[in-house]
Amino acid sequence: MTKVLIATEKPFAAAAVQGIKGIFDAEGFETVLLEKYTEKSQLLEAVANVDAIIIRSDIIDKEVFDAAKNLKIVVRAGAGFDNVDLAEATAHNVCVMNTPGQNANAVAELVIGLLVFNARNRFNGKSGSELMGKKIGILAYGNVGRNVGRIAKGFGMDVYAYDAFIPAEAIKESGATPVASVAELFANCDVVSLHAPATDETKKSINYELLMKMPKNAVVINSARKEIIDEEGILKALTERTDLVYITDIMPGNHEAMLALGDRYFSTPKKMGAQTAEANNNAGLAAANQIVGFIKRGEERFRVNK
Ligand code: 3PG
């Protein structure tokens with residue numbers, strides 16, 4: 001019998017877990033649940049005899065692949081798959097997939113919510129500001145970036161975007177204004193919203209120089225990955241430029257030092273962009289269906305370790 005493990009250190013909503021289980025029940029697959037685990041040993045034990053795993057930001061490395069002798073597929077219920085060692089997956093003959101777009105709206109709504117929270121002084125009653133008429137720059141115009149742009153437009157913001165892999169024409173067609181470089185985005189926008197994945201090219205790329213170029217009272221918001229931030233560099237810029245604000249959904253390594261910036265810095269306690277019932281359901285069910293498609297019919301759409 002095909003055995004599927006749902007390994008989520010940060011659990012899905014209960015209804016999503018039920019939905020996933022329902023898909024596997026209908027196929028005669030067994031579902032095993034490992035939630036909120038605190039030790040890697042729990043994960044290593046749980047993967048021992050499963051054929052497939054659904055994960056979120058859970059780390060799947062060589063040790064996990066070595067322990068999972070029957071493993072054929074890992075599906076990351078979400079967009080970013082930097083938590084999975086793809087080379088080891090391929091070496092162990094395991095297919096890795098993600099579920100692109102399934103949680104994008106949830107992340108985008110959190111971004112806009114945090115921008116309003118900041119513009120209204122964290123709802124402390126003091127006179128704040130509005131988003132309408134401000135320029136928002138979207139760095140990496142994928143599923144999340146486009147959703148941020150869509151909602152920002154509804155707020156009356158001017159939407160600019162930069163993406164190294166998407167032609168300017170396509171950005172224009174979607175209703176945003178393309179810019180030629182990351183530097184231009186930072187130099188021109190009141191808000192820059194980060195949506196780039198953590199890759200060798202993007203790691204530590206959001207740095208002191210970029211922030212120092214921003215207009216007065218600018219805001220940088222990160223709902224992507226902490227690895228793309230040069231944490232010491234942005235702390236330096238925020239210390240020198242007392243008008244700048246940094247908001248993040250991924251707590252930086254220098255969180256304690258950043259707290260000294262007072263209300264010019266805000267981090268959610270735990271990454272929660274994709275933490276909605278709808279996103280859990282969309283991504284979780286997509287992951288389950290992709291596993292069924294792979295096991296039963298050899299379907300490999302959304303495979304990321306080609
Ligand atoms: C993603 O890459 O899909 C998001 O960062 C969400 O991650 P999470 O499932 O760990 O909340």
Side-chain angles (χ1 to χ4, degrees), residues 4-17 19-20 33-38 40 43 52-61 64 74-86 89 96-114 138-148 151 163 165 193-199 201-203 206 220-229 247-253 267-291 301-305:
V4 188
L5 173 71
I6 304 172
T8 48
E9 182 269 318
K10 181 173 59 184
F12 292 126
V17 175
I20 295 169
L33 191 58
L34 175 68
E35 290 183 328
K36 291 189 190 171
Y37 58 94
T38 49
K40 191 174 184 184
L43 179 63
I53 313 178
I54 295 178
I55 51 159
R56 297 186 65 175
S57 291
D58 306 79
I59 308 290
I60 305 296
D61 57 12
V64 178
V74 174
V75 181
R76 192 284 191 240
F81 45 85
D82 46 318
N83 47 318
V84 182
D85 188 329
L86 296 187
V96 181
M97 296 183 187
N98 66 349
T99 65
Q102 300 291 349
N103 58 21
N105 181 66
V107 180
E109 286 193 13
L110 184 81
V111 167
I112 301 293
L114 287 170
I138 298 174
L139 176 49
Y141 201 53
N143 290 306
V144 182
R146 281 167 193 262
N147 273 286
V148 170
I151 304 171
D163 192 302
F165 305 98
S193 190
L194 307 174
H195 304 289
T199 63
E201 291 74 38
T202 62
K203 278 180 188 162
I206 308 305
V220 176
I221 181 158
N222 182 15
S223 61
R225 289 291 181 271
K226 72 178 189 148
E227 289 80 5
I228 67 174
I229 304 290
I247 305 169
T248 180
D249 187 32
I250 314 99
M251 192 175 280
S267 173
T268 55
K270 190 160 190 166
K271 191 169 74 152
M272 55 177 286
Q275 204 53 326
T276 66
E278 293 87 342
N280 291 171
N281 217 48
N282 294 342
L285 299 194
N289 284 322
Q290 287 172 216
I291 286 174
R301 197 175 168 212
F302 304 120
R303 183 176 184 137
V304 292
N305 63 331

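Just follow the structure's listing: the first ligand is 1, and inside any ligand the first atom is 1. Starting from 1, each residue takes its place in the sequence as its number.
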Run the salt bridge (Lys or Arg N to Asp or Glu O under 4.0 Å) test against K40 and tell me which residues pass, sequence neighbours left out.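 Expected list: D61, E63.
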
With rounding to the nearest 0.5 Å, note down the distance linking CE in M272 to CG in L114. 7.5 Å

Would a distance-only check, ignoring hydrogens and angles, find a side-chain to backbone donor-acceptor pair under 3.5 Å from Q275 to P11? yes

Does a donor on one side chain and an acceptor on the other come within less than 3.5 Å for N83 and S57?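 Their side chains do not contain a donor-acceptor pair, so the 3.5 Å distance test is not met.
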
Please name all residues satisfying side chain to side chain contact (heavy atoms under 4.5 Å, CB included) with L285, sequence neighbours left out, ordered by chain then number. I20, I23, N281

Tell me every residue that passes side chain to side chain contact (heavy atoms under 4.5 Å, CB included) with A287, counting only those two or more places apart in sequence or in another chain.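 With sequence neighbours excluded, A287 shows a side chain to side chain contact (heavy atoms under 4.5 Å, CB included) to I54, V75, A77, T99, given in chain and number order.
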
Given a heavy-atom cut-off of 4.0 Å, could you list the residues near ligand 1 in chain and number order? K10, R56, S57, R76, G78, A79, G80, N103, R225, K271, A274

